[in-house]
Amino acid sequence: MKGYLLRKTVTIMVTVVTAVQCMGGIVSVSADETSVSEKKTRYEMTESIGKCNGQQGYDGWYYYSKNGDSGELTELPWDESVEQASFGKGGTPTISFIHMTPQYNTSAVLAWKAPYSGTVTLKMTDDMFRVSSYDGGDNVVASIKLNNEKIKKDDGTDAEWVFDKTKNENNSKTNYTIANVHVNKGDILYHEVDCGLNPGAATIWWRPVVEYTDFDAEKPDPTVTPTIEPTATPEATATPEPDTERKTVFKKVDAFNECGGKQGKDGWYFMYKDSKGAYIDMTWTDNHFKGLDGGNINEHFIVPGYAAPAAIGWEAPYTGTVTLTAQDNTVYRDGP
């Protein structure tokens, strides 16, 4: 799962916004530094699932099923065959842009991974409630955990809500705002819906929102006072032989044909750029990489989607000087 392609010392990114053959475009160098004013503060599940195109991890959101016996989490598949595309199909739990449905002994789990350290408030787009009542169903439990621990609501009780089938007035409609939750970068908030062994009418309308109210100050690397050792007279060294074992030519076409649908072959990545400027890995479909709104990349051509430029990224494996060329020295637009 990759968002921005920011790795090692230098990342060389080729960005293409029209259909071209092979490679050509703009070369830029990126550093992993984000000012507070540039950091996104509000993360809505409903917005994310509407834009993710089946990509796990978009805006930090992940969609899982959880085995009731082992506790193992499994990524839910993307189902675009339904009217409102969602995660989960074929008898698995489902998570759509408005609700979460568990299955027998299998919870539906919506996870959010914190991109920064800081303080967040947990809330919802609107109320949370059981979508329908059913005499043959059973209680359904919704809860929120930070990593492996249940968090506390502002009143000091566990962030857990039981939708009792016998007391389902107004479908047990509820709401919450949980403030001053501290997260470290990489922490995970789990929103879980569990129906136990009875999945009857177990769907819960739940549209979580996570919003930063403060960011932790960046911690500088600790400085160490160096110990000065006496300098010995250096011995004469032989001129090193040229490094002939390192690969020097990296062709996008070769990487595409040999990657088998995996990102990162020979350092090449196939992405699209979303409305927030984030580079998102495309998914492998029918022998090509698929992006948003018709965008795709195949062996020869790069096709942008509507308001979603297609991009090819190459990650430098070594420090050094490179020459950028197009195969056969040819770049052209296919069509009028």
Side-chain angles (χ1 to χ4, degrees), residues 1-6 30 32-64 76 78 84-87 95-100 108-129 142-147 150-155 159 161 173-193 204-218 271-281 292-293 307-309:
M1 295 175 284
K2 305 177 183 69
Y4 294 95
L5 192 61
L6 301 174
S30 302
D32 192 8
E33 296 179 357
T34 306
S35 68
V36 171
S37 62
E38 295 173 335
K39 290 179 178 177
K40 181 173 179 175
T41 58
R42 186 177 175 91
Y43 296 82
E44 298 185 32
M45 179 274 279
T46 295
E47 178 185 25
S48 175
I49 201 171
K51 296 180 179 180
C52 73
N53 194 36
Q55 181 73 39
Q56 292 271 3
Y58 184 89
D59 260 359
W61 294 101
Y62 297 86
Y63 309 84
Y64 297 109
L76 290 170
W78 178 245
Q84 296 291 346
S86 62
F87 285 91
I95 302 176
S96 76
F97 77 107
I98 54 175
H99 49 57
M100 301 170 61
V109 179
L110 172 69
W112 178 79
K113 185 175 182 180
Y116 317 110
S117 295
T119 303
V120 297
T121 294
L122 312 183
K123 46 191 174 181
M124 298 176 289
T125 304
D126 48 21
D127 291 329
M128 175 168 58
F129 56 89
S143 62
I144 306 177
K145 293 181 180 178
L146 176 58
N147 299 323
K150 284 184 182 177
I151 67 170
K152 299 292 184 181
K153 292 185 283 188
D154 288 353
D155 63 5
W161 300 267
K173 187 173 291 187
T174 188
N175 207 315
Y176 66 82
T177 298
I178 305 173
N180 300 316
V181 178
H182 185 269
V183 293
N184 294 312
K185 181 179 180 180
D187 279 352
I188 299 178
L189 285 165
Y190 295 99
H191 304 75
E192 180 174 350
V193 175
I204 299 297
W205 182 290
W206 194 4
R207 303 201 288 171
V209 176
V210 181
E211 187 165 5
Y212 279 95
T213 56
D214 191 26
F215 295 104
D216 289 356
E218 299 291 337
M271 303 168 290
Y272 66 89
K273 186 176 182 181
D274 69 10
S275 60
K276 299 180 181 64
Y279 289 95
I280 309 296
D281 285 352
L292 282 179
D293 296 321

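Heads up: numbering here begins at 1 and tracks the sequence.
Shown here is Asn180, whose CG atom has no more than 12 heavy atoms of other residues, nucleotides or ligands within 6.0 Å. Shown here is Lys153, whose NZ atom has more than 12 heavy atoms of other residues, nucleotides or ligands within 6.0 Å.
Looking at every heavy atom in both residues, Leu292 comes nearest to Tyr272 through CD1-CE1, 3.3 Å. Looking at every heavy atom in both residues, Leu110 comes nearest to Ile95 through N-CD1, 4.1 Å. Residues Ala142 and Met128 share a closest heavy-atom pair of CB-SD, 4.2 Å. Between Met100 and Ala108, the shortest heavy-atom contact is CE-O, 3.4 Å. Trp78 approaches Gly54 most closely through the heavy-atom pair CD2-CA, 3.2 Å.
Taking CG of Leu189 as the start and CG of Leu146 as the end, the distance is 5.0 Å to the nearest 0.5 Å. Rounding to the nearest 0.5 angstrom, the gap separating the CD atom in Gln55 from the CD1 atom in Ile280 is 6.5 Å. Atom OG1 in Thr41 sits 5.5 Å away from atom CD in Glu211 (nearest 0.5 Å). Separating the CG atom in Asp127 from the NZ atom in Lys173 is a distance of 5.0 Å, to the nearest 0.5 Å. Residue Asn175 holds its CG atom at 11.0 Å from CZ of Phe129, rounded to the nearest 0.5 Å. Trp161 CH2 to Ile204 CD1: the interatomic distance, rounded to the nearest 0.5 Å, is 11.5 Å.
A salt bridge links Lys40 with Asp59: the distance from a Lys NZ or Arg NE/NH1/NH2 to an Asp or Glu carboxylate oxygen falls below 4.0 Å.
Partners of Ser117 by side chain to side chain contact (heavy atoms under 4.5 Å, CB included), not counting sequence neighbours, listed by chain and number: Asn184, Lys185, Asp216. Under the rule for a side chain to side chain donor-acceptor pair (under 3.5 Å), the partners of Trp205 that lie at least two apart in sequence or sit in another chain are Asp126.
At a cut-off of 3.5 Å, with distance as the only test, no side-chain donor of Tyr58 or Asn53 sits close to an acceptor on the other residue.
Taking the ring centroids of Tyr43 and Trp61, they lie at or beyond the 6.0 Å cut-off. Taking the six-membered ring wherever Trp is involved, the centroid distance between the rings of Trp206 and His191 falls below 6.0 Å.
For the pair Glu192 (side chain) and Lys145 (backbone), a donor-acceptor distance under 3.5 Å is absent. Side-chain N or O atoms of Ser96 include none that pairs as donor or acceptor with a backbone N or O of Ser86 at under 3.5 Å. In this structure a side-chain-to-backbone donor-acceptor pair under 3.5 Å is missing from Asp187 to Asn147. A distance-only check finds no donor-acceptor pair linking the side chain of Thr119 to the backbone of Val181 [under 3.5 Å].
Geometrically, Lys39 does not engage Tyr212 in a cation-pi contact defined by less than 6.0 Å to the ring centre and at most 45° from the axis. Judged by the 6.0 Å distance and 45° axis criteria, Lys123 is not positioned over the aromatic ring of Tyr176.
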Take Cys52 and Phe87 through the side chain to side chain contact (heavy atoms under 4.5 Å, CB included) test and state the conclusion after the steps. CA-CA 11 Å; Cys52 73; Phe87 285 91; 3.8 Å; yes
Start with the C-alpha gap between Val120 and Thr213, add the side-chain angles, then the distance that decides, and say whether side chain to side chain contact (heavy atoms under 4.5 Å, CB included) holds. CA-CA 6 Å; Val120 297; Thr213 56; over 6 Å; no
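In this structure the side chain of Pro309 never reaches within 4.5 angstrom of the side chain of Tyr279, judged on heavy atoms. Taking the side chain as every heavy atom from C-beta outward, Leu122 and Ile151 approach each other to under 4.5 Å.
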